[in-house]
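Heads up, the thing below is written out as structure tokens.
Numbers here are sequence positions counted from 1.
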Amino acid sequence: MIECRYYQKLDDGRVECQLCPHHCRIADGKTGLCRSRRNLQGTLVSEVYAKPCALAIDPIEKKPLNYFHPGTTCFSLACTGCNFRCLNCQNHDISQVSPSEVPHYELQPEEVVALCQKHHCPGIAYTYTEPLTYIEYITDCARLAHKAGFWNILVTAGYVCQEPLSDLLPYLDAANIDLKSFSDDIYSHVSGGHLQPVLDTILAMKQAGVWIELTNLIIPGVNDDMQMIHRMCRWLKENDLAEVPLHFTRFYPRFKMSDLPPTPLQTLRAARLTAEEEGIKHIL
């Protein structure tokens, strides 16, 4: 366990986490919504620092990144935790649990870089769960990775405050950001968050020169309205993001949305046509 970098101590013994827009106010002995940041006698600590629960070597296209060094591999790692509660989460067995519920490795940042070297991977991907909830760990890994000449790739829902994000951005080379919908109501109902902070993250990454690709998972009856997709694509174009690759992905029944059908292929084709009409250049 290490002390977290983004929080404020409150007069009543609670702490306020300032990592993400939830601003969890956490009583002694309790964790925030992400389950991995705990108030330990007035100090906010990360319970997952150097304790990844998943390691793999993946093709970079799996992140998905189709235009950032295609054909290469990345060393993927994840710790438990997420600051969203997505009803359709495909990795809920590690994202929606406490660290104590999942076996983990002990892997310090320098050991992560050494494994990347050992397996001849040109980059490290922080992925599977929400890596921003263990930002201290990935920042320390990313700093060492850059010194050793490796890329750093973030796969994220982008729900983070601007100060911690700005501390990480100098070490990021690429990111896939999950733009879940273009509706604040849908964000609130399906994921337990809000849209605007995600848009702010996309713009901050663009300004910092990070290679960006976006993913929009289309869920039948939830975010498959083509007028909303028009608005999303129009926002991208208006913010000079028309060249950013946009991945429309297919929903399959999962977690608390197991009663919904898979996304019809005609819906994906309609989304692609909609994006083309709005001037999006790279649609996958």
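Among residues two or more places apart in sequence or in another chain, the salt bridge (Lys or Arg N to Asp or Glu O under 4.0 Å) test is passed with Glu47 by Arg38. With sequence neighbours excluded, the residues that form a salt bridge (Lys or Arg N to Asp or Glu O under 4.0 Å) with Arg14 are Asp12. Applying the ring pair (Phe, Tyr, Trp, His ring centres under 6.0 Å) test to Tyr6 and every residue at least two apart in sequence or in another chain returns nothing. Remark: Arg234 engages Glu278 in a salt bridge (Lys or Arg N to Asp or Glu O under 4.0 Å) (not counting sequence neighbours). Remark: Tyr171 pairs with no residue by the ring pair (Phe, Tyr, Trp, His ring centres under 6.0 Å) rule, at least two apart or across chains. Partners of Phe255 under the ring pair (Phe, Tyr, Trp, His ring centres under 6.0 Å) rule, at least two apart in sequence or in another chain, are His92. Residues satisfying the salt bridge (Lys or Arg N to Asp or Glu O under 4.0 Å) test with Arg143, not counting sequence neighbours, are Asp140.
The ring pair (Phe, Tyr, Trp, His ring centres under 6.0 Å) pairs that include a residue from residues 20-58 are His22-Tyr159, Tyr49-Tyr137, where partners are two or more places apart or lie in different chains. Listed by first and then second residue, the side chain to side chain donor-acceptor pair (under 3.5 Å) pairs involving residues 181-190 are Asp184-His194 (not counting sequence neighbours).
Under the 4.5 angstrom side-chain criterion for Ile, Leu, Val, Met, Phe, Trp and Tyr, the cluster partners of Tyr7 are Val15, Ile26, Leu44. If you chain together ILVMFWY residues whose side-chain heavy atoms come under 4.5 Å of each other, Ile94 ends up grouped with Val97, Val102, Tyr128. Taking Ile, Leu, Val, Met, Phe, Trp and Tyr as hydrophobic and joining them when side-chain heavy atoms fall under 4.5 Å apart, one finds Val45 in a cluster with Met1, Leu40.
Panel note: side chain Ser95, backbone Asn91; a donor-acceptor pair is recorded below 3.5 Å. Judged by distance alone, the side chain of Asp224 and the main-chain N or O of Gly221 form a donor-acceptor pair under 3.5 Å. Between the side chain of Thr263 and the backbone N or O of Ile218, at least one donor-acceptor pair lies under 3.5 Å. Glu130 places a side-chain N or O within 3.5 Å of a backbone atom of Ala157 that can act as its donor or acceptor partner. Using modelled atom types, one side-chain atom of Arg272 and one backbone atom of Ile283 make a donor-acceptor pair closer than 3.5 Å. Under the 3.5 Å distance criterion, the side-chain polar atoms of Asp173 are matched with a main-chain donor or acceptor of Asn152. Without hydrogens or angle criteria, Asn223 side chain to Lys180 main chain gives a donor-acceptor distance under 3.5 Å. Judged purely by atom type and a 3.5 angstrom limit, Asn176 has no side-chain atom pairing as donor or acceptor with the backbone of Val155. Side-chain atoms of Arg35 come within 3.5 Å of backbone N or O of Gln96 as a donor-acceptor pair.
Using a 4.5 Å cut-off on side-chain heavy atoms (C-beta onward), Ile202 and Leu214 make contact. Side-chain contact between Phe150 and Phe75 is absent, with no heavy atoms from C-beta onward closer than 4.5 Å. Contact check for Leu246 versus Cys233: side-chain heavy atoms found under the 4.5 Å cut-off.
Of the residues listed (Leu107, Val48, Thr133), the one engaging Cys79 in a side chain to side chain contact (heavy atoms under 4.5 Å, CB included) is Val48, and it is the only one.
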Verdict with reasoning, Arg37 to Glu136, per salt bridge (Lys or Arg N to Asp or Glu O under 4.0 Å): CA-CA 11 Å; Arg37 301 168 80 81; Glu136 294 85 3; 2.8 Å; yes
Glu213/Asn66 under side-chain contact (heavy atoms from CB on, under 4.5 Å): CA gap, chis, key distance, verdict: CA-CA 8 Å; Glu213 300 192 25; Asn66 280 52; 4.1 Å; yes
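Counted by atom type alone, Asp58 and Ser76 present one or more donor-acceptor pairs between their side chains at under 3.5 Å.
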